[in-house]
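Remarks on the structure that follows.
Sequence lines set the chain letters: A, B, ... in the order given, protein chains first and strands last, and positions in each chain run from 1. Since this is a predicted model, take the numbers as computed values, not measurements. Reckoned from all heavy atoms, side chains included, excluding hydrogens, waters and symmetry mates.
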There are 2 protein chains.
Amino acid sequence: MQDFLNIIESEKISAKHYILKEGHYCNYNHFIVKGCFRSFFINKKGIEKTINFGIEDWWLTDFDSFMNRTQSQLNIQATEDAIVLKISKAKLDLILQNSLEINKYFRIILERVRIADQRRIQYMFNLSGEELYNTFYEYNPEFVQRIPQYMLASYLGFTPEFLSKIRAKKHS
Amino acid sequence: MQDFLNIIESEKISAKHYILKEGHYCNYNHFIVKGCFRSFFINKKGIEKTINFGIEDWWLTDFDSFMNRTQSQLNIQATEDAIVLKISKAKLDLILQNSLEINKYFRIILERVRIADQRRIQYMFNLSGEELYNTFYEYNPEFVQRIPQYMLASYLGFTPEFLSKIRAKKHS
DNA sequence: TATATTTCTTAATCTAGATTAAGTTTTTCA
DNA sequence: TGAAAAACTTAATCTAGATTAAGAAATATA
């Protein structure tokens with residue numbers, strides 16, 4: 001555990017700044033101490049597609065780039081002023097060679113991530129846009145206030161205009 | 001490793017039979033030695049939605065039910081005659097308490113699963129139905145032959161009728 | 001090898017959500 | 001505190017893919 005703490009670096013990130021940009025290698029896994037981030041890519045039409053959010057106590061990285069040492073297709077941007085703990089791939093690998101506890105820790109986190117991803121895929125298949133928004137709102141009422149609506153629309157898989165329509169309907 | 005092999009049970013499953021049914025508790029993680037499975041749920045309209053396939057050398061379970069000891073919303077069905085290795089939650093937990101190697105093994109698998117889930121979500125956002133089919137076909141040409149088309153349509157998130165339309169277009 | 005069942009196709013009609021465009025409100029920061 | 005930028009709304013029009021329905025192939029089973 002002491003080893004683990006020794007290899008962690010703390011960093012402040014201002015709102016709208018990036019911890020990862022498309023085309024770069026993702027060299028760090030980040031633990032969010034404070035603030036909020038979104039990861040997004042830019043599709044063929046030039047539109048930003050938000051694929052994840054991260055808030056306090058979550059880990060955030062582009063796993064594909066981080067694990068496979070490939071150029072990232074994602075951008076990770078702070079949506080508000082933030083503090084993260086960074087851990088580099090090389091140093092994490094070293095610790096993962098021998099530490100039972102750290103392996104357990106990340107295994108358990110990844111199990112939870114898997115469950116969340118699976119639920120999200122299930123929701124995307126099963127729910128209409130309106131239902132997706134209502135479900136998200138129900139489980140994360142405070143979070144809906146915390147981010148611009150157009151990012152949420154993008155995360156839920158539809159346009160900001162459509163989200164506006166849903167809200168108008170709801171409040172009428 | 002010997003401990004690990006000791007707690008594994010082998011089982012034969014005939015085509016169309018289930019290793020998990022909706023409403024039951026998922027007590028096992030399954031390693032597929034031979035054959036093919038699909039996991040699906042039944043939506044509000046009574047339509048089967050395939051959310052995953054599993055083939056040789058993959059692990060397959062309902063992680064949500066398996067980890068959280070909740071009733072499963074999923075069915076897991078063999079699409080052809082199959083052989084699996086089963087490992088119960090209780091026994092797996094025991095081994096995971098102390099084994100560095102087994103923790104590493106599952107951590108690494110889950111990292112790969114995370115990457116696959118992430119890519120799938122990205123594809124679902126970015127590609128039209130036609131592009132989803134073409135991409136899937138490109139990377140898994142043999143697998144497309146292996147399962148009924150209506151299951152693939154369901155996995156890709158559209159109707160069998162629409163898949164038929166895509167294929168007609170492609171071959172004309 | 002005939003019949004039942006499962007899978008696949010075609011085509012007409014319908015709808016959730018996209019697109020475009022213009023205007024309004026809110027936030028930022030000089 | 002006022003101008004510029006960012007975020008949000010409304011409404012008209014358009015389209016990918018759903019729905020429905022009926023028939024044709026393919027596959028399984030007796």
Side-chain angles (χ1 to χ4, degrees), chain A residues 14-18 35-36 38 40 42-50 53 75 77-82 123-137 143-172, chain B residues 14-18 36 38 40 42-50 53 75 77-81 123-137 143-172:
Chain A
S14 312
K16 307 215 173 174
H17 284 71
Y18 290 78
C36 178
R38 65 162 177 151
F40 66 95
I42 296 174
N43 78 1
K44 288 165 288 180
K45 294 177 191 162
I47 294 168
E48 292 179 1
K49 297 279 182 176
T50 300
F53 292 109
N75 303 281
Q77 184 189 36
T79 65
E80 51 187 73
D81 291 345
Y123 281 146
M124 283 171 70
F125 272 133
N126 202 21
L127 303 182
S128 68
E130 188 168 357
E131 290 167 327
L132 279 172
Y133 174 73
N134 288 333
T135 304
F136 189 90
Y137 191 92
F143 188 68
V144 173
Q145 315 306 322
R146 197 167 168 180
I147 45 156
Q149 263 177 54
Y150 74 89
M151 285 186 196
L152 180 56
S154 164
Y155 175 75
L156 294 175
F158 46 72
T159 59
E161 290 84 357
F162 186 63
L163 179 45
S164 202
K165 208 154 123 184
I166 292 169
R167 300 195 77 215
K169 197 169 165 186
K170 199 174 183 178
H171 299 144
S172 65
Chain B
S14 311
K16 307 215 174 174
H17 283 69
Y18 290 80
C36 178
R38 65 163 178 151
F40 67 95
I42 296 174
N43 79 0
K44 288 166 287 179
K45 293 176 192 162
I47 294 166
E48 292 179 0
K49 297 280 183 174
T50 299
F53 292 109
N75 303 281
Q77 184 189 35
T79 66
E80 50 187 72
D81 291 346
Y123 281 146
M124 283 171 70
F125 272 131
N126 202 23
L127 303 182
S128 68
E130 188 168 357
E131 289 167 328
L132 279 172
Y133 174 73
N134 288 333
T135 305
F136 189 90
Y137 191 92
F143 188 69
V144 173
Q145 315 306 324
R146 197 167 168 181
I147 45 157
Q149 262 177 56
Y150 73 88
M151 285 186 196
L152 179 57
S154 164
Y155 175 77
L156 294 175
F158 46 73
T159 59
E161 290 84 357
F162 186 63
L163 179 44
S164 200
K165 207 155 124 184
I166 291 169
R167 301 195 76 217
K169 197 169 165 187
K170 198 173 184 179
H171 300 144
S172 67

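The nearest whole Å value for the distance from the CG atom in Leu156(B) to the P atom in dA18(D) is 11 Å. The separation between Glu161(A) atom CD and dT9(D) atom P is 10 Å, rounded to whole Å. One can place CZ of Arg167(A) at 16 Å from P of dT25(C), the figure rounded to the nearest angstrom. Between Lys165(A) atom NZ and dA18(C) atom P the separation is 9 Å, expressed in whole Å. Going from atom CG of Leu127(B) over to atom C1' of dG17(D) covers 15 Å, rounded to whole Å. The separation between Met124(B) atom CE and dA16(D) atom P is 19 Å, rounded to whole Å. As rounded to whole Å, 10 Å separates atom P of dC29(C) from atom CG of Asp81(A). One can place CG of Leu163(A) at 17 Å from P of dA16(C), the figure rounded to the nearest angstrom.
Atom CG of Asn75(A) is separated from atom NZ of Lys49(A) by 15.0 Å, given to the nearest 0.5 angstrom. One distance of note links CD of Glu130(B) with CG of Leu156(B); it measures 12.5 Å at 0.5 Å rounding.
In terms of phosphate contacts, Thr159(B) brings no side-chain nitrogen or oxygen within less than 4.0 Å of OP1 or OP2 of dG17(D). OP1 or OP2 of dA18(D) has not a single side-chain nitrogen or oxygen of Lys45(B) nearer than 4.0 Å.
In this structure, Phe158(B) has its ring center at least 6.0 angstrom away from the ring center of Tyr133(B). Taking the six-membered ring for Trp, Phe53(B) and Phe143(B) have ring centres closer than 6.0 Å.
Put simply, the side chain of Thr159(A) gets close to the backbone of Phe162(A): a donor and an acceptor are under 3.5 Å apart. Counting only distance, with no hydrogens or angles, the side chain of Ser154(A) and the backbone of Glu48(A) share a donor-acceptor pair below 3.5 Å. Ser128(A) contributes a side-chain N or O that, together with a main-chain N or O of Glu131(A), makes up a donor-acceptor pair within less than 3.5 Å.
Side-chain proximity of Lys16(A) to the nucleotides dA6(D), dT6(C), dT19(C) is greatest for dA6(D). In this structure, the nucleotide among dT9(D), dT19(D), dA18(C) sitting nearest to the side chain of Phe162(A) is dA18(C). Listed candidates were dT19(D), dA18(C), dA18(D). Nearest to the side chain of Phe158(B) is dA18(D).
Interface residues of residues 144-152 of chain B facing DNA chain D, ordered by number: none; criterion, heavy-atom separation under 4.0 Å.
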